[in-house]
Amino acid sequence: MAAPADSTTPFGGAPAEAYRVVARRYRPQRFDELVGQEHVARGLSGAIESRRIGHAYLFTGARGVGKTSAARIFAKALECATGPAAEPCNHCDNCSAISAGQDVDVVEIDAASNRGIDEIRTLRQNVAVRPARGRFKIYIIDEVHMLTREAFNALLKTLEEPPGHVKFVLCTTEPEKLPITILSRCQRFDFVTVDAPAIARRLGQIVTAEGATVTDGALELIARRAAGSMRDSQSLLEQLLGSSAGAISVDDVHAVIGTGREERIGALVGAIAGRDPAAALAALDASLAGGADPGGVLEQLLAALRDCLVASVGCGPALLLQGDGVGIDLAATGRLLGTETILAMLQILDQSLSRMRTSGHAGVLAEMAVVRLARLDDLDQLASAVERIAQQAATAPPPPRVAPSALPRPTIANPPVAAETRQKKTTDLTGGADAPAVAVEPVAPPQPRQALPTAAGERVPTQTTPAPPPPALPSDPLAAWEACGEAVGGLAADFVAMAGRVAWVDDVLDVSFPAEATTAVAFLSRPEMVAALNRALSAGAGRPLRHRIRQEPKVAVKPLARGSSAAGGAERVADEPAAPPPAAGRSQAALLRETLDHPLVMQARSLFDAAIRKVEQGRVRAPVVEPTPVEALELGAGEPPLPDDDTIDHAADGNDVG
């Protein structure tokens with residue numbers, strides 16, 4: 001029986017389940033095989049050689065740049081039978097087991113699926129166990145930023161002071177999500193994206209090892225499409241190797257990744273540079289007709305305009321990423337368009353690509369973007385014109401200074417007259433009867449005075465036109481006040497009508513309310529009501545005005561003592577509250593019914609959608625009356641006065657609503 005084919009050989013007749021993809025079979029196994037990460041390899045190798053090996057390392061960088069591969073190489077260098085060595089031998093049992101992922105002392109943890117505190121507690125318990133056969137117990141935690149906050153807190157102490165045989169290697173693509181307490185406990189290595197020429201060289205080595213045929217243009221296109229990720233380029237190469245029977249060309253790559261041919265992208269750039277929207281749309285349609293994706297075509301256009309931008313600022317051909325397949329000179333096109341115009345074009349493309357990711361009509365958005373690019377004005381000429389104007393203004397000579405003695409002396413204008421003509425009386429000395437007694441002499445209207453130039457070149461007016469007099473105050477202040485209430489409306493109109501005395505004091509409308517109008521004064525004294533009333537008052541008078549609200553003091557009648565003389569009448573005492581009458585003893589139900597029937601309460605309930613919870617008995621205030629001598633005698637006789645209708649209504653208003 002023939003020996004089975006090596007499972008690592010893709011075309012040796014091995015079973016399908018034994019086949020490993022290109023990215024796994026050609027994973028770097030030594031530090032010198034890391035592409036584009038020479039600084040990381042030098043730092044880790046130097047730490048091993050100098051025996052300054054830390055207990056925690058943090059590898060950060062984009063996807064597919066070699067973070068996990070470097071962690072495995074570092075673990076092999078520490079566990080190698082000939083080590084710790086700067087480079088692993090890849091022949092001993094430890095190196096082979098780590099490469100195959102079967103070493104019990106090297107534990108790889110996916111933090112995306114083991115992100116809770118329970119998994120970290122298990123890890124803390126296992127770190128105390130010594131390694132089975134190696135020197136160290138190494139934990140490689142991939143995508144460590146996916147751990148929860150509680151898991152990070154549980155890991156802190158172990159990460160800071162682990163046992164001597166434990167090493168941690170944390171890998172992440174988003175280091176900004178890690179707590180600062182984790183970052184401060186690790187040695188950080190930042191993995192950079194791999195440049196396109198390095199990716200193309202590595203892909204050429206893989207193609208040679210696979211025995212396939214891929215053109216150099218196709219390798220360069222794959223490398224540019226990978227955007228700095230080695231794993232992405234190897235996955236795309238794997239797809240092309242499986243779908244193409246013969247040699248792989250540029251057209252095969254365009255068909256797989258959904259982009260247009262480079263010469264069509266060049267035609268599109270030329271049409272945009274020539275300000276021809278029709279030709280630009282035709283070039284876009286030709287690219288899409290070949291099976292390209294609208295987003296992919298705009299990304300190609302973005303890359304081409306990027307090279308134009310680099311050339312427009314004076315960079316050399318070494319920084320250009322596009323090849324000669326576009327068919328036009330991108331450097332010359334960049335110098336023709338100008339930097340400002342290319343920057344505006346790149347912004348338009350970026351916004352269009354962002355909208356296309358969430359839109360269902362990507363083709364229309366791509367056509368809109370192309371038309372906008374072709375119709376874009378030359379912004380560099382506009383910027384140059386603005387710069388020239390600014391320079392001319394800066395270099396212009398200052399205006400000549402004029403000596404004060406050289407200034408023309410101002411002429412005094414004639415005082416204004418009330419009419420176009422002025423009558424001048426003359427006296428007839430001859431005494432003739434036919435001589436006219438009055439002669440009319442026409443007088444020209446006064447000319448406005450001219451402004452005089454100053455030494456600095458400014459003109460100072462010598463006479464200003466007097467401002468027109470302000471409109472007169474309304475003759476009826478009470479009517480003006482009531483008109484303000486009507487203009488504001490609502491409760492304000494009702495409360496405004498309760499004013500007792502209204503008068504003008506200069507430009508201030510002085511409004512006096514009686515002592516019992518406490519609610520009206522409180523409502524009209526709100527800041528928003530004061531502003532509204534001032535606006536209404538100023539609008540009605542045609543000039544800025546304001547008002548002032550005052551409340552008259554409370555006045556009560558103090559009865560005379562028994563036996564006093566009635567000739568003196570009753571004594572009026574200001575700001576002295578009257579003695580409350582004895583409680584009426586009404587029930588809560590009666591007070592509630594009386595309150596519900598009150599008009600202000602009804603309006604407040606409908607306005608604020610409120611409900612009455614409790615009604616408290618209010619105090620009855622004594623009415624303000626002018627006592628007559630007869631009433632003074634009656635009060636002096638000790639007979640209690642009978643309340644009138646106003647007193648009864650006021651007592652009902654005194655019920656407080658809770």
With heavy-atom distances below 4.5 Å as the criterion, would you say the side chains of [X] and [Y] are in contact?
X: R548; Y: V505; value: yes
X: F513; Y: L524; value: yes
X: E143; Y: T173; value: yes
X: R526; Y: V530; value: no
X: R546; Y: D507; value: no
X: V488; Y: R535; value: no
X: V371; Y: R375; value: yes
X: F152; Y: T181; value: no

Legend entry - Pairing of D510 and R550 as salt bridge, 4.0 angstrom limit: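 Answer for the salt bridge query: yes.
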Tell me if a side-chain donor or acceptor on [X] pairs with a main-chain N or O of [Y] at a distance below 3.5 Å.
X: R275; Y: L376; answer: yes
X: R115; Y: M146; answer: yes
X: Q551; Y: A515; answer: yes
X: D293; Y: G295; answer: yes
X: D350; Y: L346; answer: no
X: S538; Y: L545; answer: yes

Could you grab the distance from atom [atom1] of [X] to atom [atom2] of [Y], nearest 0.5 Å is fine?
X: R335; Y: I342; atom1: CZ; atom2: CD1; answer: 10.5 Å
X: L301; Y: L268; atom1: CG; atom2: CG; answer: 5.0 Å
X: E482; Y: D476; atom1: CD; atom2: CG; answer: 8.0 Å
X: L600; Y: L491; atom1: CG; atom2: CG; answer: 7.0 Å
X: E516; Y: E552; atom1: CD; atom2: CD; answer: 8.5 Å
X: L349; Y: L298; atom1: CG; atom2: CG; answer: 6.0 Å

Which pair of heavy atoms, one from [X] and one from [Y], lies closest together, and at what distance?
X: D494; Y: Q603; result: OD2-OE1, 4.2 Å
X: V521; Y: I549; result: CG1-CG2, 4.2 Å
X: A362; Y: P294; result: O-CB, 4.1 Å
X: G485; Y: L533; result: N-CD2, 4.4 Å
X: L337; Y: A273; result: CD2-CA, 3.8 Å
X: A369; Y: I348; result: O-CG2, 4.3 Å

Inset, instruction - Report the C-alpha distance between D285 and E367 in whole Å, list the side-chain angles of each, state the deciding distance to 0.1 Å, and finish with yes or no for side chain to side chain contact (heavy atoms under 4.5 Å, CB included). - result: CA-CA 9 Å; D285 184 71; E367 293 174 348; 5.7 Å; no
Inset, instruction - May I have the step-by-step check of side chain to side chain contact (heavy atoms under 4.5 Å, CB included) for C484 and L537, ending in yes or no? - result: CA-CA 6 Å; C484 293; L537 185 62; 3.5 Å; yes
Inset, instruction - Carefully, step by step, assess L302 and R306 under the rule side chain to side chain contact (heavy atoms under 4.5 Å, CB included). - result: CA-CA 6 Å; L302 185 73; R306 180 263 173 196; 5.9 Å; no
Inset, instruction - Determine the interplanar angle of the H547 and W481 rings, folded into 0 to 90°, and report it as parallel if under 30°, tilted if 30 to 60°, perpendicular if over 60°. - result: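 Aromatic pair H547/W481 classed tilted.
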Legend entry - side chain to side chain contact (heavy atoms under 4.5 Å, CB included) assessment of V502 paired with S512: CA-CA 6 Å; V502 183; S512 177; over 6 Å; no
Inset, instruction - Using only heavy-atom distances, determine whether the side chains of S312 and T339 contain a donor-acceptor pair under 3.5 Å. - result: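 Distance-only check passes for S312 and T339.
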